[in-house]
Protein chains: 2
Amino acid sequence: MFSIGDLSRRTGVKVPTIRYYEQMGLIAAAKRTEGNQRRYDRDGLERLSFIRHARDLGLSIEAIRELTELSAHPERPCADAHRIARAHRTAVRTKIARLKRLEAELGRIETMCDADTVGDCRIIEALADHSLCSDEH
Amino acid sequence: MFSIGDLSRRTGVKVPTIRYYEQMGLIAAAKRTEGNQRRYDRDGLERLSFIRHARDLGLSIEAIRELTELSAHPERPCADAHRIARAHRTAVRTKIARLKRLEAELGRIETMCDADTVGDCRIIEALADHSLCSDEH
DNA sequence: CTAATCTCTCTAGCAACTATAGGTTCAAGA
DNA sequence: TCTTGAACCTATAGTTGCTAGAGAGATTAG
């Protein structure tokens, strides 16, 4: 039996975050001691590890909820799990593409200015004037 | 003189967002008509365009506040503006690197499974078990 | 003058937590 | 057994950058 603090140390998920996940219905409400403190078993530990890992991979709470519901029904087709993973991967790719454009733009802006004072600073100028940009963002 | 709606159409910033920026102190409180409606001049339009553009580049409200304060003092050295832009660029690069690792991992997970039912699905397995991952994330 | 469209303020909601306050319980040492 | 201090409890508010809604007032075109 683990206290919430034990669970936190073992998974790396902070204590208030664990309570938050419970409130959000991501993990089942834990058993309580007589004094109303949460106690977890190995099962609870594993479920939280799963969530931790999925969050690290950037999946939303909502996506994780879907996945945990799926895994509660092992007989169902796993196409849904694939769909969720694929959708997330697509979203990640889109984000990368956008950030790359931004990075290039910021690099361009940064090398544009060799002024000493703000009055001549082309960084601020470039930020003020979208037409100085090399592409859309 | 532009109404808040005019400003919104010209900059692409939504009306409630403009009011929000005013509340946050990013733009000066606009003059008002007798009937208490906001009226903007060309200056206000330009300031909002600046903010819009900087937000598009992903700069935080806080960073933009610093930049607008800088540009109000043209005699100051622009090293600070450079610092802000560089810091942001570094942050963007870090994000890209992390997302790329995620993307690779998600790709790996996705191709791992050819099961039909959730019970055998290796996607869910991989999400549950970090040790199956090829690197840290 | 009237009707349609803005605009006003205020409040609450989103995601995914984090922080604080004020109070209770647990576990270990004397 | 008692005490002390750490850990725990709930509830509420704050974070970021907006967005949505209610209900009331202003403006403008016909």
Side-chain angles (χ1 to χ4, degrees), chain A residues 1-27 29-40 44 47-48 50-68 84 87-88 91-92 95 98-99 102 137, chain B residues 1-27 29-40 44 47-48 50-68 84 87-88 91-92 95 98 102:
Chain A
M1 284 297 172
F2 314 116
S3 71
I4 197 169
D6 294 336
L7 210 64
S8 170
R9 274 182 295 278
R10 279 161 196 263
T11 58
V13 179
K14 286 182 189 154
V15 168
T17 307
I18 298 174
R19 289 197 276 249
Y20 168 76
Y21 286 160
E22 182 183 313
Q23 210 188 317
M24 292 299 101
L26 259 194
I27 52 181
K31 284 176 291 194
R32 302 291 184 117
T33 64
E34 299 234 321
N36 200 33
Q37 298 195 356
R38 290 167 180 84
R39 286 299 115 98
Y40 300 88
R47 195 145 39 231
L48 189 57
F50 170 87
I51 293 168
R52 164 80 212 258
H53 190 201
R55 285 293 301 136
D56 275 356
L57 288 167
L59 288 147
S60 70
I61 297 275
E62 203 33 53
I64 295 171
R65 200 198 313 275
E66 284 188 70
L67 286 173
T68 51
I84 293 168
H88 183 55
V92 168
K95 245 185 225 166
R98 185 180 148 76
L99 283 176
L102 285 188
H137 37 244
Chain B
M1 284 297 170
F2 313 115
S3 72
I4 197 167
D6 294 336
L7 210 63
S8 171
R9 272 182 296 278
R10 278 162 197 263
T11 58
V13 179
K14 287 180 188 153
V15 168
T17 306
I18 298 174
R19 290 196 275 249
Y20 168 76
Y21 286 160
E22 181 183 312
Q23 212 188 317
M24 293 297 102
L26 260 194
I27 52 179
K31 284 175 289 195
R32 302 291 184 120
T33 62
E34 300 231 323
N36 199 33
Q37 298 196 353
R38 291 168 181 83
R39 286 298 116 100
Y40 300 88
R47 194 144 41 231
L48 189 57
F50 169 88
I51 292 168
R52 163 83 213 254
H53 190 199
R55 285 293 302 137
D56 274 356
L57 287 167
L59 288 149
S60 69
I61 297 275
E62 201 34 50
I64 295 171
R65 201 199 311 276
E66 284 188 70
L67 286 172
T68 50
I84 293 167
H88 182 55
V92 168
K95 244 184 228 166
R98 185 179 147 75
L102 287 188

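Quick note on labels: first sequence line is chain A, next is B, and so on, each numbered from 1. No hydrogens, no waters, no symmetry mates; every other heavy atom, side chains included, goes into these values.
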Would you say a side-chain N or O of A/R55 is under 4.0 Å from OP1 or OP2 of C/dC17? yes

Would you mind reading off the distance between A/D6 atom CG and C/dT25 atom P, rounded to a whole angstrom? 19 Å

Nucleotides bounding contact with chain A, strand DNA chain D, heavy-atom threshold 4.0 Å: D/dC8 to D/dT10

So which one's nearest nucleotide on DNA chain C is more toward 5', B/N36 or A/E62? B/N36

Is a side-chain donor or acceptor of B/R65 paired with a backbone partner of B/M24 at a separation under 3.5 angstrom? yes

Got a donor-acceptor contact below 3.5 angstrom from the A/H88 side chain to the A/L57 backbone? yes

Ignoring hydrogens and geometry, is there a side-chain-to-backbone donor-acceptor pair from A/R19 to A/I4 under 3.5 Å? no

N or O in side chain of A/S3 less than 4.0 angstrom from C/dC26 OP1/OP2: no

5' priority, DNA chain C, between A/K14 and A/E34 [closest heavy atom]: A/K14

A/R38 atom CZ is separated from C/dC26 atom P, nearest whole Å, by 14 Å

Please confirm whether the shortest side-chain N or O distance from A/Y21 to OP1 or OP2 of C/dC17 is below 4.0 Å. yes

Which residue, A/Q23 or A/Q37, contacts DNA chain D at a nucleotide closer to its 5' end, judged by nearest heavy atom? A/Q37

Rounded interatomic separation in angstrom, taking CD1 from B/I4 and C1' from C/dT5: 15 Å

Tell me: CZ of A/R32 to C1' of C/dT25, nearest whole Å? 13 Å

Side-chain atoms of A/Y20 come closest, of C/dA16, C/dC8, C/dC26, to C/dA16

Round to the nearest Å and state the distance from A/D56 atom CG to C/dA16 atom P. 14 Å

Quick one: B/R39 CZ to C/dC8 P, roughly how many Å, whole number? 8 Å

Considering all heavy atoms of both residues, which atom of A/T11 and which atom of A/R52 are nearest to each other, and what is their separation? O-NH1, 3.1 Å

Can you tell me how far C1' of C/dT5 sits from CZ of B/R9, to the nearest Å? 11 Å

Output the rounded distance in Å from CZ (A/R65) to C1' (C/dA16). 12 Å

Note, B/Y40 side chain near B/L48 side chain (heavy atom, < 4.5 Å): no

